[in-house]
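Since the structure comes first, as structure tokens, the remarks are kept for the end.
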Amino acid sequence: MTTDPPGGVAETIPLWSLTDDSLVEIGEDGSLVVVTRWGEYDFDRAEPLVRESLRRMALGPISLANVTASWEPVEREPDLEGELSWTAEGADALRQALKELGGSVVHSLGLADGRGPLLSVIPVALAPVFVPVEIPANRPIRLSRFSSLRSDAYGMGLESPSARYRVVLYQPWAVHVAATLATAKSVGEIVATTGIGPSVVGAIVSYLVAAGVVQVAGEHGRFAEDDDPELGLWSPDELLFHTTSRTWRPGGPADLPGLGKPPVVKAATGEGPVYTLYRPDLTDRAATDPTLTALLENDHTCPEFTEGVLSAEQIGEFLFRGARIRSIGPAHFPNGPAHSASQRPYFSVACLYELELYVSVNRCSGLDRGIYHYDPLEHRLSLVNDDESDLDAMLDMAMIGGGNHRRPSALITVTARMPRMASVLGGGAYATTLAHVGALQQTLYLVARAMGLAAHAVPVDAGDRVDRALKLEWPAEVGVGECVLDLPA
């Protein structure tokens, strides 16, 4: 036996609004400007209906039928959910404005009970198309295999990297329907198993399908994404990471209060000894180093680790040339906040430089075995862990990752202070950090070759062992890459 939502109200109502970051500016002369994350839209000599509709949409979800109630109806327009009666000029103007603002128009589904929306469909692309249609009651439907459902600041967030909308589920009715679609079901089966009225289930499903987070089976019962060879190349986690790191999402790190502006240099940790490192004469190196062309044109091979012993002077020169801070000063994003920045030998977006270097020393004359943190401003190493078992575990991971039978002379572990990035770049912080790791790895490789040493990135199956060995405050600082340093075979 099925039941309708509280109060016996089964009628669903389409609601319209603008995204939270949209700003509607109406001038005294009737001018209308809408500022969105996609750009600024100027509607010259906008119809009164357009101005009033967008003004109300900026305040939250509304029924456009209520907005049009004060306008004298001329003809019944079937567009926009088939509910609006406007003058022909007003209808055309509003329809065009909403199409132009498609990347900032939120489609919500409500009930006639005054309890707010069941769900909202929020665009994450510039020009998405949202066309909800009735799904046949016996047609199998299923969440996209790329979809993820998790709580966020507003409700339950449902999104898929292959969709041009993300969905926020506010009411238990909507969450219940979405959760049942982990496996393929028909609308009729959902009604039978949930006890939610068919009109409500049908409306929720039509919105989820139009948003792209739910798939409809074809005539032969197969889902198109299961047979898509291009999508088959991606795991759900990787594709979601790619998509969310390349596009803005509400409620991301940049929206969180209290992040502040983390310092350029990580504060010293631990009470171990500090070693001031050697500073080479770069004028002399400029005269004796091989050319960049010679370094780049020499084949890059994974080195065989040796039994050789590095010197403290070599490690000092390697870090000085590849990772030191040359200077500190202010930097500014265009139309964004100012922040303290530094200049270093490798590339970093806006000179944020969130990467930290730790050196696990195995064989080195002038430095005891242990795990050290590198201070790029003072150009010195400070001991953070002298536990032999932790050091050996780090070196063994590098040995296995490098496909060798010996431990390297030294291992450079790269970590990232995520607050340094997230406070500025939001959801794109981690993807940008991985790009910085590549830039640093290339710089360290070239420096080592110029010095006659061997440096090579190694893939390490770290788990939480790196966090423990380096005494990181996870997840504010996380390991993101490794590089071995040794003498050439």
Heavy-atom donor-acceptor pair, [X] side chain to [Y] backbone, under 3.5 Å:
| X | Y | answer |
| --- | --- | --- |
| His405 | Met399 | no |
| Arg363 | Gly308 | yes |
| Ser147 | Val213 | yes |
| Arg139 | Ala217 | yes |
| Glu354 | Ser348 | no |
| Asp228 | Leu231 | yes |
| Trp16 | His107 | no |

(request) Take the angle between the ring planes of Phe130 and Tyr165 and call it parallel below 30°, perpendicular above 60°, tilted in between. (result) perpendicular

Got a second to check how far [X]'s [atom1] is from [Y]'s [atom2], nearest 0.5 Å?
| X | Y | atom1 | atom2 | result |
| --- | --- | --- | --- | --- |
| Tyr346 | Leu440 | OH | CG | 5.0 Å |
| Arg145 | Glu225 | CZ | CD | 6.0 Å |
| Gln171 | Leu118 | CD | CG | 6.0 Å |
| Leu296 | Arg449 | CG | CZ | 10.0 Å |
| Leu169 | Leu158 | CG | CG | 5.5 Å |

(request) Determine, stepwise, if the pair Leu295 / Asn298 fulfils side-chain contact (heavy atoms from CB on, under 4.5 Å). (result) CA-CA 6 Å; Leu295 292 173; Asn298 201 322; over 6 Å; no

(request) Could you note down all residue pairs passing salt bridge (charged side-chain N to carboxylate O under 4.0 Å, His left out) where residues 404-415 supplies at least one of them, sequence neighbours left out? (result) Glu307-Arg406, Asp392-Arg407, Asp396-Arg407

Should [X] and [Y] count as side-chain neighbours, where that means a heavy-atom distance under 4.5 Å?
| X | Y | result |
| --- | --- | --- |
| Ile315 | Leu367 | yes |
| Val478 | Leu472 | no |
| Pro345 | Arg324 | yes |
| Leu119 | Tyr207 | yes |
| Val24 | Leu18 | yes |
| His456 | Tyr445 | no |
| Val264 | Arg420 | yes |
| His373 | Lys266 | yes |

(message) Would you say that more than 12 heavy atoms from the other residues, nucleotides or ligands in this model lie under 6.0 Å from the CZ of Arg150, or not?
(response) no

(request) Take Ile371 and Val359 through the test side-chain contact (heavy atoms from CB on, under 4.5 Å) and record every step on the way to the result. (result) CA-CA 6 Å; Ile371 302 174; Val359 186; over 6 Å; no

(request) Carefully, step by step, assess Leu319 and Leu381 under the rule side-chain contact (heavy atoms from CB on, under 4.5 Å). (result) CA-CA 10 Å; Leu319 294 173; Leu381 293 175; 4.1 Å; yes

(request) List the steps and the verdict of side-chain contact (heavy atoms from CB on, under 4.5 Å) for Leu444 and Phe318. (result) CA-CA 8 Å; Leu444 295 180; Phe318 175 73; 3.8 Å; yes

(request) Applying side chain to side chain donor-acceptor pair (under 3.5 Å), run through Ser160 and Ser162 and close with a yes or a no. (result) CA-CA 5 Å; Ser160 168; Ser162 61; 2.9 Å; yes

(request) Verify side chain to side chain donor-acceptor pair (under 3.5 Å) between Thr276 and Arg380, making sure each step is shown before the conclusion. (result) CA-CA 4 Å; Thr276 300; Arg380 62 189 183 186; 6.0 Å; no

(message) Walk me through whether Tyr374 and Tyr358 qualify under ring-ring contact (aromatic ring centres under 6.0 Å, His included).
(response) CA-CA 6 Å; Tyr374 175 59; Tyr358 294 79; over 10 Å; no

(request) Measure across Ser104 and Thr36 and return the closest heavy-atom pair with its distance rounded to 0.1 Å. (result) OG-CB, 3.2 Å

(message) Check this for me, if you would: do Arg285 and Asp281 make a salt bridge, where the nitrogen-to-carboxylate-oxygen distance has to be below 4.0 angstrom?
(response) no

(request) Salt-bridge test for Glu313 and Arg279: reply yes if a basic N is under 4.0 Å from a carboxylate O, no otherwise. (result) no

(request) Could you walk me through whether Thr415 and Glu477 pass the side chain to side chain donor-acceptor pair (under 3.5 Å) test, one step at a time? (result) CA-CA 6 Å; Thr415 70; Glu477 184 178 358; 2.7 Å; yes

(message) Using the side-chain hydrogen bond (donor to acceptor under 3.5 Å, both in side chains) criterion, which residues pair with Thr180? Sequence neighbours excluded.
(response) none

(message) Cation-pi check for Phe223 against Arg142: NZ or CZ below 6.0 Å from the six-membered ring centre and within 45 degrees of the axis, yes or no?
(response) yes

(request) Sort out for me which residue in Leu310, Val447, Asp486 forms a side chain to side chain contact (heavy atoms under 4.5 Å, CB included) with Leu453. (result) Leu310

